[in-house]
Every structure is written in structure tokens, then in C-alpha cells.
Amino acid sequence: MSSPHDFDFLHGVWEVHHRRRTDFLDPDSDWEEFPSTARCRPLFDGAANIDEIDMPHLGTKGLTLRLFDPESGQWSLNWSSSRSGRLFPPVIGGFGDADADENHGGRRDRGEFYGDDTHDGKDVRARFVWSGVCDTSARWEQAFSLDGGETWLTNWVMDFTRPEASREASREPVSETRSA
């Protein structure tokens with residue numbers, strides 16, 4: 001079962017690498033890639049958070065409001081775009097059982113969230129997956145299904161990296177070599 005602190009890892013500033021299909025429903029469409037910056041802050045003592053992602057390549061910003069429901073033990077993820085100014089239908093779900101994930105110190109490193117929406121006038125089932133969650137990186141994937149969840153087409157992937165972690169990874173140690 002999820003907990004009200006599942007998204008604590010997301011608080012703060014992130015550099016984000018996007019890879020998304022040019023047509024979310026066409027498996028043969030091209031992929032486009034671009035960078036962005038995201039900022040997330042906690043609300044309700046961690047049982048909620050809000051983030052804003054600035055995507056200059058698309059000329060838009062996005063906002064996600066995440067709310068933990070203590071009765072159901074699930075999260076609702078509510079997305080909005082500065083282009084539309086409206087809230088899209090939420091996806092609902094949570095992270096795996098902490099006891100089953102001992103390798104991560106009890107941290108749940110994968111969450112799945114589902115909801116119903118429309119895209120280009122078609123009814124779709126939406127799935128968000130958070131995976132590889134740690135202090136310095138995480139991955140988010142969006143997929144749509146036109147057949148009620150029988151098959152999925154991943155159409156957007158975002159790789160999150162802490163700005164400090166990106167800079168440190170680019171600083172490779174210089175090794176000294178000596179000739180005889």
C-alpha cells in the first residue's frame with residue numbers, strides 16, 4: 001500500500017530529459033526530444049505536492065497536483081497545461097509494497113497510476129509509471145490504451161536528474177598515465 005510520503009523524493013529542482021511521440025496514438029510516429037526544468041514542493045506535510053515543469057521547446061508549462069487519500073491508500077495525480085488552463089481527469093494508483101522492496105531501504109521505487117481520458121476525440125485509458133526512484137534520478141512514463149488496457153502505447157518518457165547529480169556525472173576523474 002502507498003503512503004503519504006511516496007513522492008517525497010520529488011521535492012526540489014530537477015533537470016528533465018523528455019522523449020515523446022509526435023502523435024500519441026500512432027506507434028509509427030517519430031520521437032522528439034527536449035530538455036526542461038521541474039520544481040516540486042510538498043503540501044499537507046507531504047500528503048500532497050505540486051510541481052511546475054517549464055517546457056520552452058513546447059512553449060508551455062505543466063502543473064501536477066498529487067493528493068494522497070488516506071482512506072483508499074492511493075494517490076490521485078492531476079495534470080494541467082498552461083495551454084488549456086484546465087485540469088485533466090486524474091490517474092489513480094500507488095507504489096508497491098515497501099516490504100517487498102527491501103533493496104531500497106523500504107522505499108517504493110515503482111508506482112503505477114491509471115485513469116480514463118480522451119485524446120484527439122478518442123477515449124483512452126491512461127497509465128503513468130514512476131520507476132527507478134532514488135534521491136538523484138527517477139523516470140516517468142505515460143502510455144495510452146485504446147482497447148481498455150489490453151495493449152499500451154508508451155508515448156512520453158521523462159528522465160529526471162538532480163542538477164547537482166548531472167554536473168557531478170559529467171566530471172570524470174582525470175587519470176594519470178606514466179610511460180616507462
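Worth knowing before you read on, the calculation uses all heavy atoms, side chains too, and leaves out hydrogens, waters and symmetry mates. If you read the sequence from its start, that first residue is 1, and numbering goes on from there. Worth saying up front: this structure is predicted, and the values here are computed from it rather than measured.
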Hey, is the main chain of [Y] close enough, under 3.5 Å, to the side chain of [X] for a donor-acceptor pair?
X      : Y      : result
Ser2   : Phe95  : yes
Asp26  : Asp23  : no
Arg125 : Leu146 : no
Asp69  : Gly73  : no
Ser80  : Gly85  : no

Query raised in the report: Under the side-chain contact (heavy atoms from CB on, under 4.5 Å) criterion, do Phe144 and His119 qualify, and how do the steps go?
Result: CA-CA 9 Å; Phe144 286 169; His119 182 76; 3.8 Å; yes
Examine [X] and [Y] and state if one hydrophobic cluster contains both, with Ile, Leu, Val, Met, Phe, Trp and Tyr joined whenever side-chain heavy atoms are less than 4.5 Å apart.
X     : Y      : result
Phe88 : Ile92  : no
Phe68 : Ile50  : no
Leu77 : Val129 : no
Val16 : Met55  : yes

Between [Y] and [X], is there a side-chain heavy-atom distance shorter than 4.5 Å?
X      : Y      : value
Arg66  : Asp6   : no
Lys122 : Leu25  : yes
Met158 : Arg139 : no
Trp140 : Val157 : no
Asn155 : Glu141 : no
Val124 : Asp116 : no
Tyr114 : Val91  : no
His11  : Asn49  : yes

Centroid-centroid distance, [X] to [Y], less than 6.0 Å:
X      : Y     : result
Trp130 : Phe9  : yes
Trp156 : Phe24 : yes
Trp75  : Phe7  : yes

**Report entry** Residue list, salt bridge (Lys or Arg N to Asp or Glu O under 4.0 Å) with Glu112, at least two apart or on another chain
**Finding:**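 Glu112 satisfies salt bridge (Lys or Arg N to Asp or Glu O under 4.0 Å) with Arg110 once adjacent residues are dropped.
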[atom2] on [Y] to [atom1] on [X], rounded to 0.5 Å:
X      : Y      : atom1 : atom2 : answer
Leu63  : Asp54  : CG    : CG    : 12.5 Å
Glu164 : Asp135 : CD    : CG    : 11.0 Å
Leu65  : Ser76  : CG    : OG    : 7.0 Å
Ser29  : Leu153 : OG    : CG    : 7.0 Å

Side-chain donor-acceptor contacts of residues 34-45 below 3.5 Å, not counting sequence neighbours, with atom names and distances?
| residue | atom | partner | partner atom | Å |
| --- | --- | --- | --- | --- |
| Ser36 | OG | His18 | NE2 | 2.6 |

Query - Within 45° cone of Phe160 ring axis and under 6.0 Å: Arg162 NZ or CZ - result: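 Pair Arg162/Phe160 does not count as cation-pi.
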Report task. Check step by step if side-chain hydrogen bond (donor to acceptor under 3.5 Å, both in side chains) holds for Ser82 and Thr60. Result -> CA-CA 6 Å; Ser82 62; Thr60 189; 2.9 Å; yes
Requested in this report: Test Arg20 against every option in Glu33, Glu32, Gln142 by the side chain to side chain donor-acceptor pair (under 3.5 Å) rule and name the one that passes.
Outcome: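 Considering Glu33, Glu32, Gln142, a side chain to side chain donor-acceptor pair (under 3.5 Å) with Arg20 is found only for Glu32.
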Query - Closest non-hydrogen atom pair, Pro163 against Val13 - result: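 Distance-wise, the nearest heavy atoms are CD-O, 3.3 Å.
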